[in-house]
Amino acid sequence: MQVTEIFYSLQGEGLFLGIPAVFLRLNGCNLRCKWCDTKYALDPKNARQMTIDEITKIIKKYPAKHLVITGGEPLLQQKEILSLIKKLKNYYIEVETNGTIKSTLDNYVDLYSCSPKLAHAKTLNLPLQKFPGKKTFYKFVIEHPANIEEVKNFIRKYKIKKSRVLLMPLGTKEKELKERSKWLAELCKKEDLRFSPRLQITLWGTTRAR
Ligand code: SF4
């Protein structure tokens, strides 16, 4: 498996905000978002080829039984992910994906945290793949209040339940996050959509592998 890093932290975003979790960050992505905050995970120079046994051993060192498989785009390595999940039977498996690659792991994954990219990401505009409704949350990164129209079109086009949508402010600096959070919180109230902070930035800034 091509791994960028494995670390133990708190889930900083989305449905499981604040839960202790082991993070397996895989290497490589099929998109190139302008504001990607994990560019180091796109660079093959930062990849380490690891066996499933090596990865399992590291994951099991930590007390939490919540594994977040992230990237890059982890669904580029589905075959290897399946072998890993089969070794982690009592773990809750959360996969963070950009949603553009069809997953064959629905029977094994507990939650997809899907983050479709809006136009401001300035990357390839690939269609959203189908994910199981009861196992998927959609997290949209918001740069500007006007982005809400794109989110609403997305919800309509792909028939996503509003209760499965989270809006998260764009930003890797606490000051810009705070400013965006203020108007985004009001927007969430107005549109009846859930807000997601970025706890990892508040706690650790842009430090890697906290
Ligand atoms: S999809 Fe995610 S990992 Fe890939 S380039 Fe965009 S922000 Fe970065």
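Note that this is a predicted model, so its numbers are computed, not measured. Atoms within each ligand, like the ligands themselves, are counted from 1 in listed order. We use all heavy atoms of the structure for the numbers below, so side chains are in, but hydrogens, waters and symmetry mates are not.
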Asn98 heavy atoms within 4.0 Å reach ligand 1 at atoms 1 (S)
For Gly72, the ligand 1 atoms with a heavy-atom partner under 4.0 Å come out as 3 (S)
Check for a donor-acceptor pair, side chain of Tyr138 on one end and backbone N or O of Ile160 on the other, with a separation under 3.5 Å. no
Quick one: does any side-chain atom of Thr38 pair with a main-chain N or O of Ala41 as donor and acceptor, under 3.5 Å? no
Ligand 1 contact on Lys117 by region, counting heavy-atom pairs under 4.0 Å: side chain
Considering only the protein, which heavy-atom contact is closest to atom 4 (Fe) of ligand 1, and what is its distance? Cys29 SG, 2.3 Å
Atom 6 (Fe) of ligand 1 [closest protein heavy-atom partner, distance rounded to 0.1 Å]: Cys33 SG, 2.3 Å
Ignoring hydrogens, what is the shortest heavy-atom contact between Leu75 and Ile101? Give both atom names and the distance. CD1-O, 3.6 Å
State whether Cys36 contributes an N/O/S atom found under 2.8 Å from atom 8 (Fe) of ligand 1. yes
Stepwise, does the side-chain contact (heavy atoms from CB on, under 4.5 Å) test hold for Tyr108 with Lys86? CA-CA 8 Å; Tyr108 304 91; Lys86 284 182 173 170; 4.1 Å; yes
Taking 4.0 angstrom as the limit, do Arg198 and Asp37 come out as a salt bridge? yes
